[in-house]
Amino acid sequence: MKPRRLPRRFFARDPAVVAPELLNKVLIGPNGAGRIVEVEAYDGTNDPASHAYRGLTPRTAVMFGPPGHLYVYFSYGVHWCANVVCRHDGVAGAVLLRALAPISGVEAMRVARPAARRDRDLCSGPGKLCQALGIDRGHDGADLVTADGGVGVVDDGVAAPDDAVNTTRVGISVATDVPWRWYVRGDPNVSRAPRRTKLA
DNA sequence: ACCGGGATGTTCT
DNA sequence: GAACATCCCGGTG
């Protein structure tokens, strides 16, 4: 099947519906492309873990805009993380892209991520995949449907898995019991669960 | 393998 | 000040 960009209406639904359907779609960035193998849904209205939960701020404005755009935020003062904006204009929601299986541009990704020892380390985390693909602040608000800023999501004919693992989200401290993380079963690029810091 | 700690901007209390 | 949708490196077993 010839690759096609996803239509706007694909994104204009609840993030928890869009997220598992994004598995096996292809994210294109400045440095290359990768198959989406891990995602998390964040609902801006009812979900205290969402950046948009407290309302519209300069940082979260993109999430309140039209669906199909990229919401890019700066994490821990070090990394960029990329989300796909969902739902309709005025209602916030997003899907965090957590891991990719590299497809093309692997050489450029290796240059962009010198710390990656193996190719499976290139895109196996939300900060890693942005560094590998060259996604940063300049892509916040970019339209994935028109691929305006060099970023886009396409369907190349690989269906979303019907046996994706559905579990709780990673790295948050509220709503930790909500099962809004999905990943491709057995894929080596899926991020490792962060080590629990020792509690007092 | 596991663990501790550092980096470091933005947002919120 | 503290928390944060993270990642990397170095020490120890």
Side-chain angles (χ1 to χ4, degrees), chain A residues 11 14-16 18-20 22-23 27 29 31 34 36-64 67 69-87 92-100 102 109-141 144 151 164-183 188-200:
Chain A
F11 303 103
D14 283 358
V18 174
L22 275 172
L23 292 177
L27 177 68
N31 291 343
I36 298 168
V37 297
E38 180 183 356
V39 292
E40 286 176 358
Y42 288 86
D43 181 322
T45 59
N46 296 315
D47 176 12
S50 170
H51 291 166
Y53 181 66
R54 321 242 172 232
L56 195 156
T57 68
R59 177 174 70 149
T60 63
V62 170
M63 261 200 283
F64 288 83
H69 289 245
L70 207 57
Y71 162 54
V72 181
Y73 73 94
F74 202 38
S75 174
Y76 287 89
V78 183
H79 305 286
W80 299 100
C81 295
N83 298 252
V84 174
V85 174
C86 297
R87 309 183 111 215
V95 175
L96 172 67
L97 304 175
R98 286 198 57 90
L100 311 175
M109 293 187 199
R110 292 193 188 116
V111 172
R113 277 188 46 70
R117 298 157 96 305
R118 303 159 299 177
D119 285 353
R120 70 174 51 119
D121 300 320
L122 288 172
C123 299
S124 56
K128 296 178 188 178
L129 71 89
C130 284
Q131 187 181 15
L133 285 185
I135 293 171
D136 60 22
R137 156 163 271 147
H139 302 281
D140 188 33
L144 297 165
V151 290
V165 179
N166 176 209
T167 182
T168 53
R169 296 174 292 184
V170 170
I172 54 175
S173 58
V174 293
T176 52
D177 57 333
V178 177
W180 279 355
R181 174 178 179 234
W182 290 264
Y183 62 87
N189 299 277
V190 170
S191 68
R192 301 283 303 244
R195 226 182 318 116
R196 263 193 328 146
T197 55
K198 187 178 190 239
L199 24 88

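Chain identifiers are assigned alphabetically (A, B, ...) following the order of the sequence lines, protein sequences preceding nucleic acid strands; residue numbering begins at 1 within each chain. Just so we're clear, the structure is a prediction, and the values are computed from it rather than from any experiment.
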Practice task
For side chain to side chain contact (heavy atoms under 4.5 Å, CB included), just list the numbers for A/L144 and A/V151, CA-CA rounded to whole Å, side-chain angles, deciding distance to a tenth of an Å, and then say yes or no.
Solution key: CA-CA 6 Å; A/L144 297 165; A/V151 290; 4.0 Å; yes
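Rounded to an integer number of Å, the gap from A/M63 CE to B/dT11 C1' is 13 Å. One can place OH of A/Y73 at 13 Å from C1' of C/dA3, the figure rounded to the nearest angstrom. Remark: C1' of C/dC7 and CG of A/N189 are 17 Å apart, rounded to the nearest angstrom. Rounded to a whole Å, the CD atom of A/E38 is 11 Å from the C1' atom of C/dA5. Taking atom CG of A/D140 as the reference point, atom C1' of B/dT10 lies 13 Å away to the nearest angstrom. At whole-Å resolution of the value, OH in A/Y76 and P in C/dC7 are 10 Å apart.
For C/dA5, the OP1/OP2 oxygens have no side-chain nitrogen or oxygen of A/R181 closer than 4.0 Å.
Of all heavy-atom pairs spanning A/P102 and A/M109, the tightest one is CB-SD, 4.1 Å.
No aromatic stack links A/F74 and the base of B/dG9, using centre distance under 5.5 Å and interplanar angle under 30°.
Partners of A/C130 by side chain to side chain contact (heavy atoms under 4.5 Å, CB included), not counting sequence neighbours, listed by chain and number: A/W80, A/A82, A/I135. Every residue two or more places apart in sequence or in another chain that forms a side-chain hydrogen bond (donor to acceptor under 3.5 Å, both in side chains) with A/S124 is listed here: A/K128. Residues meeting the side chain to side chain contact (heavy atoms under 4.5 Å, CB included) test with A/P48, sequence neighbours left out: A/Y53, A/V174, A/A175. For A/H51, the ring pair (Phe, Tyr, Trp, His ring centres under 6.0 Å) partners are A/Y73, not counting sequence neighbours. For A/F64, the side chain to side chain contact (heavy atoms under 4.5 Å, CB included) criterion is met by A/A52, A/L56, A/T60, A/A92, not counting sequence neighbours. Every residue was checked against the side chain to side chain contact (heavy atoms under 4.5 Å, CB included) condition with A/R54, not counting sequence neighbours, and none meets it. Under the salt bridge (charged side-chain N to carboxylate O under 4.0 Å, His left out) criterion, A/R137 pairs with no residue at all, not counting sequence neighbours.
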Fill in the blank from the handout: Symbol by symbol from the 5' end, with Watson-Crick or G-U pairs under 3.5 Å, [ ] crossing and | another strand, DNA chain C is ||||.|||||||.
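Atom name P, nucleotides C/dA5 and B/dC3: the rounded distance is 23 Å, in whole Å.
Using a 4.5 Å heavy-atom threshold, the side chains of A/V84 and A/F11 count as touching.
The stretch residues 172-180 of chain A comes close to DNA chain C through A/I172, A/S173, each having a heavy atom under 4.0 Å from the strand. Within residues 51-58 of chain A, the residues having any heavy atom under 4.0 Å from DNA chain C are, by residue number, A/H51.
Within the nucleic acid shown, A/R169 has no heavy atom closer than 4.0 Å to any nucleic acid atom.
Going from atom CG of A/D119 over to atom CG of A/N189 covers 9.0 Å, rounded to the nearest 0.5 Å. The line from CG of A/D121 to CZ of A/R110 is 11.5 Å long, rounded to the nearest 0.5 Å.
When each of B/dA1, B/dT10, C/dC7 is scored by its nearest atom to the side-chain atoms of A/R192, the top-ranked nucleotide is B/dA1.
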Quick one: which protein N/O atoms are closer than 3.5 Å to N/O atoms of nucleotides 8-11 of chain C? Pair and distance per line, please.
from  : atom 1 : to     : atom 2 : distance (Å)
C/dC8 : OP1    : A/R113 : NH1    : 2.8
C/dC8 : OP1    : A/R113 : NH2    : 2.8

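Remark: A/R59 does not engage A/D140 in a salt bridge, criterion side-chain N to carboxylate O under 4.0 Å.
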Return a table of donor-acceptor pairs under 3.5 angstrom between the side chains of residues 36-47 of chain A and protein atoms on other chains or two or more places apart.
from  : atom 1 : to     : atom 2 : distance (Å)
A/E38 : OE1    : A/S191 : N      : 2.8
A/E38 : OE1    : A/S191 : OG     : 3.0
A/E38 : OE2    : A/R98  : NE     : 2.9
A/E38 : OE2    : A/R181 : NE     : 2.9
A/E38 : OE2    : A/R181 : NH2    : 2.9
A/E38 : OE2    : A/S191 : OG     : 2.9
A/E40 : OE1    : A/Y42  : OH     : 2.7
A/E40 : OE2    : A/V170 : N      : 2.8
A/D43 : OD1    : A/T45  : N      : 2.8
A/D43 : OD1    : A/T45  : OG1    : 2.8
A/D43 : OD1    : A/N46  : N      : 3.4
A/D47 : OD1    : A/A49  : N      : 3.0
A/D47 : OD1    : A/R169 : NH2    : 3.1
A/D47 : OD2    : A/D43  : N      : 3.2
A/D47 : OD2    : A/R169 : NH1    : 2.7

